[in-house]
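Report on the structure given below.
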Amino acid sequence: MAGACLGLRGAALMAAAVLCGVIGGVASAQLRQNYYASSCPSAESTVRSVISQRLQQSFAVGPGTLRLFFHDCFVRGCDASVMLMAPNGDDESHSGADATLSPDAVDAINKAKAAVEALPGCAGKVSCADILAMAARDVVSLTGGPSYAVELGRLDGRTFNRAIVKHVLPGPGFNLDQLNALFAKNGLTQTDMIALSGAHTIGVTHCDKFVRRIYTFKQRLPWNPPMNLEFLRSLRRVCPINYSPTAIAMLDATTPRVFDNAYFNNLRYNKGLLASDQVLFTDRRSRPLVNLFAANNSAFQEAFVAAMAKLGRIGVKTGGDGEVRRVCTAVN
């Protein structure tokens with residue numbers, strides 16, 4: 001729906017904006033905290049228990065679950081379409097940036113869904129989209145971040161669209177204008193974008209996403225924000241010129257397993273791994289907020305929680321547009 005609205009012009013654009021607002025309002029209005037208090041009262045505690053156990057077994061579940069939630073919401077709205085698997089691999093999870101989604105995180109969501117389905121009276125009640133939203137909240141609090149109530153009541157999508165994945169997610173080389181434009185299409189502000197970028201405090205990325213920032217190639221980058229020399233040398237040790245395709249680096253090298261504001265402080269010292277990270281400090285339009293979040297963890301946490309709520313309202317499915325899947329990997 002959003003794509004259709006954005007494609008119109010003139011008077012039609014004005015009418016479409018009103019229509020989009022009405023539909024978006026109706027969709028998000030069905031969301032509320034404690035949604036399953038009567039229908040499946042143990043749903044949230046069950047999801048948290050499973051996620052906690054899986055996080056202890058593999059820390060990749062933490063950043064992986066946050067990335068799953070973000071990618072799901074940006075591609076087709078928060079409808080768990082990212083979890084659907086096609087026998088021939090022709091699905092969202094095998095396309096573009098989604099091809100590197102964490103298998104451990106996907107497994108954790110599937111296990112949480114199975115645990116909820118097994119609860120007395122809960123079969124067919126709790127959507128995969130909601131379980132993913134709960135799990136995203138849980139990995140934040142379990143790694144030292146804020147604990148907050150999550151709006152629930154989403155339905156699962158019935159389809160997926162592999163072709164659009166590469167067009168709707170931010171790239172590692174995005175500048176501030178590109179980031180703001182993409183997030184604005186999803187109803188998110190620059191403040192939301194910067195706060196959500198803070199999730200990189202527990203993230204990792206593969207060498208191919210930043211190798212051109214640390215080595216000089218014939219085809220130079222169109223732009224490359226500054227990088228701390230000591231940090232650059234450490235990255236070359238992690239990712240030599242002939243790096244392994246599986247080699248990874250921490251997006252926050254200071255406290256990589258703690259959800260805190262160190263990510264923003266790193267940016268102040270030109271220790272942003274991705275160009276799209278470092279630009280948040282390099283560009284003077286976004287620098288003041290980076291400085292605020294670096295100095296005030298409470299301000300970052302408050303902005304992050306607010307942005308996650310807005311993120312979770314994108315493209316919510318209602319009525320016949322969705323269902324509650326029995327398993328997250330296939331439609332009913």
Take Lys317 and Asp156 through the test salt bridge (Lys or Arg N to Asp or Glu O under 4.0 Å) and record every step on the way to the result. CA-CA 7 Å; Lys317 303 298 184 290; Asp156 297 322; over 6 Å; no
Test applied, side-chain hydrogen bond (donor to acceptor under 3.5 Å, both in side chains); reference residue, [X]; option that passes from [options]:
{"X": "Tyr263", "options": "Thr201, Asp252, Asp277", "result": "Asp277"}
{"X": "Glu151", "options": "Arg313, Gln33, Gln30", "result": "Arg313"}
{"X": "Asp260", "options": "Thr143, Thr254, Thr255, Asn265", "result": "Thr255"}

Do the side chains of [Y] and [X] get nearer than 4.5 Å, heavy atoms only?
{"X": "Val258", "Y": "Ile202", "answer": "no"}
{"X": "Leu251", "Y": "Val204", "answer": "no"}
{"X": "Thr46", "Y": "Leu119", "answer": "yes"}
{"X": "Val106", "Y": "Leu68", "answer": "yes"}
{"X": "Asp192", "Y": "Leu311", "answer": "no"}
{"X": "Val139", "Y": "Leu66", "answer": "yes"}
{"X": "Pro146", "Y": "Val140", "answer": "yes"}

Provide the closest heavy-atom pair for [X] versus [Y] in the form atom of the first, atom of the second, distance.
{"X": "Asp72", "Y": "Ser81", "result": "OD1-N, 3.1 Å"}
{"X": "Lys113", "Y": "Val126", "result": "NZ-O, 2.8 Å"}
{"X": "Ala249", "Y": "Phe210", "result": "CB-CZ, 3.7 Å"}
{"X": "Ile109", "Y": "Ala135", "result": "CD1-CB, 3.5 Å"}
{"X": "Cys78", "Y": "Ala129", "result": "O-CB, 3.6 Å"}
{"X": "Asp138", "Y": "Ile51", "result": "CB-CG2, 4.3 Å"}

Out of curiosity, [X] [atom1] to [Y] [atom2], how far, rounded to the nearest 0.5 Å?
{"X": "Leu188", "Y": "Lys310", "atom1": "CG", "atom2": "NZ", "result": "5.5 Å"}
{"X": "Met83", "Y": "Leu101", "atom1": "CE", "atom2": "CG", "result": "9.5 Å"}
{"X": "Met134", "Y": "Ser127", "atom1": "CE", "atom2": "OG", "result": "7.0 Å"}
{"X": "Met250", "Y": "Arg257", "atom1": "CE", "atom2": "CZ", "result": "6.5 Å"}
{"X": "Lys271", "Y": "Leu235", "atom1": "NZ", "atom2": "CG", "result": "10.5 Å"}
{"X": "Cys40", "Y": "Glu117", "atom1": "SG", "atom2": "CD", "result": "8.5 Å"}

Is there a path of hydrophobic side-chain contacts, each under 4.5 Å between heavy atoms of I, L, V, M, F, W or Y residues, that connects [X] with [Y]?
{"X": "Phe74", "Y": "Val150", "result": "yes"}
{"X": "Val324", "Y": "Ile131", "result": "no"}
{"X": "Val305", "Y": "Leu142", "result": "yes"}
{"X": "Val50", "Y": "Phe69", "result": "no"}
{"X": "Val168", "Y": "Phe70", "result": "yes"}

With sequence neighbours excluded, residues passing side chain to side chain donor-acceptor pair (under 3.5 Å) with Thr246: Ser244
Consider only side-chain N and O atoms of [X] and [Y], and report whether a donor and an acceptor are under 3.5 Å apart.
{"X": "Tyr36", "Y": "Asp130", "answer": "yes"}
{"X": "Asp283", "Y": "Ser286", "answer": "no"}
{"X": "Arg325", "Y": "Asn332", "answer": "no"}

Which residues pass the side-chain contact (heavy atoms from CB on, under 4.5 Å) test with Gln53, not counting sequence neighbours?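 For Gln53, the residues satisfying side-chain contact (heavy atoms from CB on, under 4.5 Å) (neighbours in sequence not counted) are Gln57.
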Quick one: does [X]'s side chain have a donor or acceptor within less than 3.5 Å of a partner on [Y]'s backbone?
{"X": "Asn266", "Y": "Gly272", "result": "no"}
{"X": "Ser49", "Y": "Ser45", "result": "no"}
{"X": "Arg54", "Y": "Asp107", "result": "no"}
{"X": "Asn186", "Y": "Leu182", "result": "yes"}

Charged N-O contact under 4.0 Å between [X] and [Y]:
{"X": "Asp177", "Y": "Arg285", "answer": "yes"}
{"X": "Arg154", "Y": "Asp79", "answer": "no"}
{"X": "Glu323", "Y": "Arg158", "answer": "yes"}

Are Trp223 and Val279 close enough, and set up right, to give a side-chain contact (heavy atoms from CB on, under 4.5 Å), and what steps lead you there? CA-CA 10 Å; Trp223 71 288; Val279 72; 3.6 Å; yes
When you measure from the centre of the six-membered ring of Phe281, is the NZ or CZ of Arg287 closer than 6.0 Å and no more than 45° off the axis?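 Relative to the ring axis of Phe281, which defines the angle, Arg287 lies inside both limits.
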Mind running side-chain contact (heavy atoms from CB on, under 4.5 Å) on Gln278 and Met227 for me, showing each step along the way? CA-CA 8 Å; Gln278 189 58 50; Met227 179 179 285; over 6 Å; no
Among Asn291, Thr282, Leu273, Leu280, whose side chain to side chain contact (heavy atoms under 4.5 Å, CB included) with Leu267 holds?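 Checked Asn291, Thr282, Leu273, Leu280 against Leu267; only one passes side chain to side chain contact (heavy atoms under 4.5 Å, CB included): Leu280.
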Atom [atom1] of [X] with >12 non-hydrogen neighbours under 6.0 angstrom:
{"X": "Arg212", "atom1": "CZ", "result": "yes"}
{"X": "Tyr215", "atom1": "OH", "result": "yes"}
{"X": "Gln178", "atom1": "CD", "result": "yes"}

Please step through side-chain contact (heavy atoms from CB on, under 4.5 Å) for the pair Leu84 and Thr159, ending with a clear verdict. CA-CA 8 Å; Leu84 289 171; Thr159 60; 6.0 Å; no
Of all pairs that satisfy ring-ring contact (aromatic ring centres under 6.0 Å, His included), the ones with a partner from residues 132-152, not counting sequence neighbours: none
Would Phe231 and Asn270 count as a side-chain contact (heavy atoms from CB on, under 4.5 Å) if you check the C-alpha gap in whole Å, the side-chain angles of each, and the deciding distance to 0.1 Å? CA-CA 8 Å; Phe231 183 55; Asn270 293 331; over 6 Å; no
Verify ring pair (Phe, Tyr, Trp, His ring centres under 6.0 Å) between Phe300 and Phe259, making sure each step is shown before the conclusion. CA-CA 11 Å; Phe300 161 53; Phe259 195 98; 5.8 Å; yes
The test is side-chain hydrogen bond (donor to acceptor under 3.5 Å, both in side chains); show your working for Ser147 and Arg137 and say whether it passes. CA-CA 7 Å; Ser147 180; Arg137 178 266 314 273; 5.8 Å; no
